[in-house]
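The structure appears below as C-alpha cells.
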Amino acid sequence: MRLYLINPSNPLVSIVRVKESRWNRYRVWKPLSLMVLAGLTPPEWEVSIVDENFGAPDYSSMPRPDLVGITAFTAQANRAYEVAAHFRCLGVPVVMGGIHATMCLDEVMERVDSVVTGEAEGVWLQVLEDARRGSLKRRYDGGLAKIDHVPLARHDLLATGYAFGAIQTTRGCPLNCSFCSVTAFNGAHYRQRPIADVVREFRLIREKRVLVVDDNLVGTRPEHIARAKDLFRAMAQANLRKEWVAQTTINFADDEELLALAAKAGCRGVFIGFESPTPEGLRELGKKFNLLTGRDFQASVRRIQRHGILVVGSFIIGLDVDEPGIGKRIAEAASQYGVDNLNALFLTPLPGTRLWDRMKAQDRIALDGFPEDWKYYTLTFPVARYKYLSLDGISDEMLSCDRTFYSMPRILRRVWSNLRQRRKPLISLVGNLSYRRNLQLNRKAYADFKHYSGNRHNSVREP
Ligand code: B12
Ligand code: SF4
C-alpha cells in the first residue's frame with residue numbers, strides 16, 4: 001500500500017520565498033506533522049512525504065498511491081484543495097487533517113473524502129485500516145492525544161535540503177491568548193512527552209540545528225519548569241551536540257538555573273511574543289504573562305542573552321488600541337528591549353480563535369471570500385478592518401516598523417553588541433539581513449494585495 005503525505009505550498013508566504021532571497025533558506029522548516037504521521041504508520045505502508053515548499057512535483061509522473069494525506073495551515077488551504085482535486089480525479093481517496101481541517105470542518109469536508117480533526121495519534125491506525133478496506137469514514141476525531149510513548153517521528157524521511165530539523169517535546173498552552181489557535185486546538189492542559197523519548201528522537205535528527213516546535217517550551221507552573229530543567233539536564237548528559245531554537249514566553253528569563261541548563265543543552269535562540277508595547281494592547285490580547293507587575297523586558301532579554309541565547313521578539317500591529325505611529329513605536333520598544341530580531345505581524349483573525357469570533361461579530365473581516373482569500377491568512381497581510389488604521393495606513397506602519405528596526409546603522413549596532421558579548425554575530429547578521437531583504441519584497445506584496453482586495457477595507461471608526 002502506497003501513502004503520500006503532502007505539505008501544500010503557499011507562494012505568498014514570505015518565509016518560503018527561497019528563490020527571491022537566498023537568506024530564506026534558513027527559514028524553511030520541516031512539516032513535522034507529516035513526519036509524526038509517518039511514524040504512526042505501520043510498515044506495510046510505503047510512505048513518501050512531499051513538501052511543496054521546495055516546488056510541487058509532477059504528481060502524474062509519480063506512481064499512483066492508494067491513499068493521500070494532506071496537512072494544511074489555513075494559509076495553505078487553497079493549494080490543499082487543488083492537490084486533493086487532482087488525486088480525487090484519479091480515484092485516489094484523500095484524507096485531510098491539521099489545524100485548518102479542524103477549524104473549518106464543513107469547508108474541508110466538501111473537498112476531500114475524509115477529515116481528521118484534532119490530533120491524529122488516537123485515530124490514524126483506524127484511518128489506514130478503513131482506507132485499506134475501502135471503507136473510509138467521512139470524519140474521524142482524534143481530540144487531544146495521549147503523547148506518552150507514541151512512536152517516534154520519521155526523521156529519515158525528508159532527509160536533505162533543510163537547515164533545521166524539527167521536534168516536539170510538549171503540547172498545549174494554558175494561556176489562551178485571544179489571537180492564537182493553540183489552546184483551542186491543543187488544549188489548555190500542558191502535556192509533556194517522556195524525557196527519554198525526546199532524547200531518543202533527538203538522536204534520530206540528522207541536522208545539526210533543530211527547531212523545537214513547542215508553543216510554550218517551559219510552560220507556566222513550577223512543575224512545568226522543573227520538568228523542563230530535567231529535560232535540559234538529560235539532553236546535556238546525552239551529549240547530543242545539537243543547537244536548537246524554540247518558542248517560549250518571557251518567564252523563561254526568570255530562572256537563572258533554567259537558562260544555564262537550556263544553554264548547556266544546546267539552546268541558541270528563542271522566539272518570544274511581546275505582542276504589544278503598551279499594557280492596554282497586552283490586555284486587549286489577553287497576554288497575561290507579559291503584564292505581571294515588576295516585569296522589566298530589557299533586563300529579561302539581557303538575562304537570556306547572557307547565556308549566549310539570541311532573542312527574536314514578535315509584535316502584532318492592528319490592535320484596537322493601535323493608532324498611527326504604532327509601527328515606529330514597536331520598533332523603538334523592540335530596540336529598547338534589546339531583541340536581536342523583530343518579527344512584526346498583522347493582527348489576523350484565524351478561524352477558531354476568540355479574535356475571529358469578535359471580529360466576525362463586528363463585521364470586520366475584510367477578506368472573507370473563502371476559500372480563495374485564505375491564502376492571505378499568513379499574518380503578513382492586513383486581512384481585517386482595523387479600528388484606527390486604513391489599509392494604506394496599516395501597511396505603512398508595518399513598513400515603518402521594519403524600516404526603523406532594520407536600518408543599516410541599527411543592524412550594525414546589534415551585530416557589534418553581539419560580537420562584544422561573544423554571542424553569535426554571524427547568525428544575528430544573517431537573521432537581520434534576511435528580514436531587511438524581505439522589507440523590499442513586502443512593499444511590492446502590499447501593493448499587489450491592495451489591488452487584490454479592492455475596496456473591501458473600510459476602516460471602522462469609533463461610534
Ligand atoms: C512549527 C510551526 C511553524 C513552522 C513550521 C511549519 C511547518 N512546515 O510545519 C513555521 C515557522 C514555518 C510556521 C509558519 C507559519 N505558521 Co506556524 N506553527 C508552528 C507550530 C508552532 C507547530 C506546528 C507543528 O509542527 N506541530 C507539531 C505537529 C506534530 O502537530 P500538528 O501540526 O498539529 O499535527 C498534528 C495534528 O494536527 C494532525 N495532523 C496534521 N496534519 C495532518 C494531516 C493528516 C492527513 C492527518 C490525518 C492529521 C494531521 O496530526 C498531527 C499529530 O497529532 C504551530 C502551533 C501548533 N501547536 O501546532 C504553529 C501554527 C500552525 N502556525 C500558525 C501560523 C498562523 C503560521 C503562519 C501562517 C504565520 C506565521 N508567520 O507564523 C506561517 C505560515 C506557514 C505556511 N506554510 O503557510 C498557526 C496556524 C493557524 C491556522 N489556522 O492556520 C499555528 C496553529 C500557531 C498559532 N499561533 O495559532 N509555523
Ligand atoms: S502564550 Fe503563545 S502559544 Fe500560548 S496562547 Fe499565547 S500566543 Fe498562543
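Read the numbers this way: they start at 1 and go in the same order the structure lists the ligands and their atoms. Treat the numbers as computed from the prediction; the structure is a model and nothing was measured.
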Any idea which atoms of ligand 1 are less than 4.0 Å away from a heavy-atom of [X]?
X      : value
Glu121 : 52 (C), 53 (O)
Val116 : 47 (C)
Trp29  : 5 (C), 8 (N), 10 (C), 11 (C), 12 (C)
Cys180 : 89 (N)

So is Lys287 in contact with ligand 2, going by heavy-atom distances below 4.0 Å? yes
Please confirm whether Asn176 approaches ligand 2 to less than 4.0 Å, judged on its heavy atoms.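 True for this residue.
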On a heavy-atom basis, I'd like to know which of Ser33, Gly118, Cys177, Pro351 is closest to atom 38 (C) of ligand 1. Gly118
Is there a polar contact, in the sense of an N or O pair closer than 3.5 Å, between [X] and ligand 1?
X      : answer
Glu119 : no
Trp124 : no
Leu34  : no

Which atom of Met359 lies closest to which atom of Pro349, heavy atoms considered: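 Result for this residue pair: SD-CG, 3.9 Å.
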Using 2.8 Å as a strict upper limit, say whether an N, O or S atom of Cys180 approaches atom 4 (Fe) of ligand 2 that closely. no
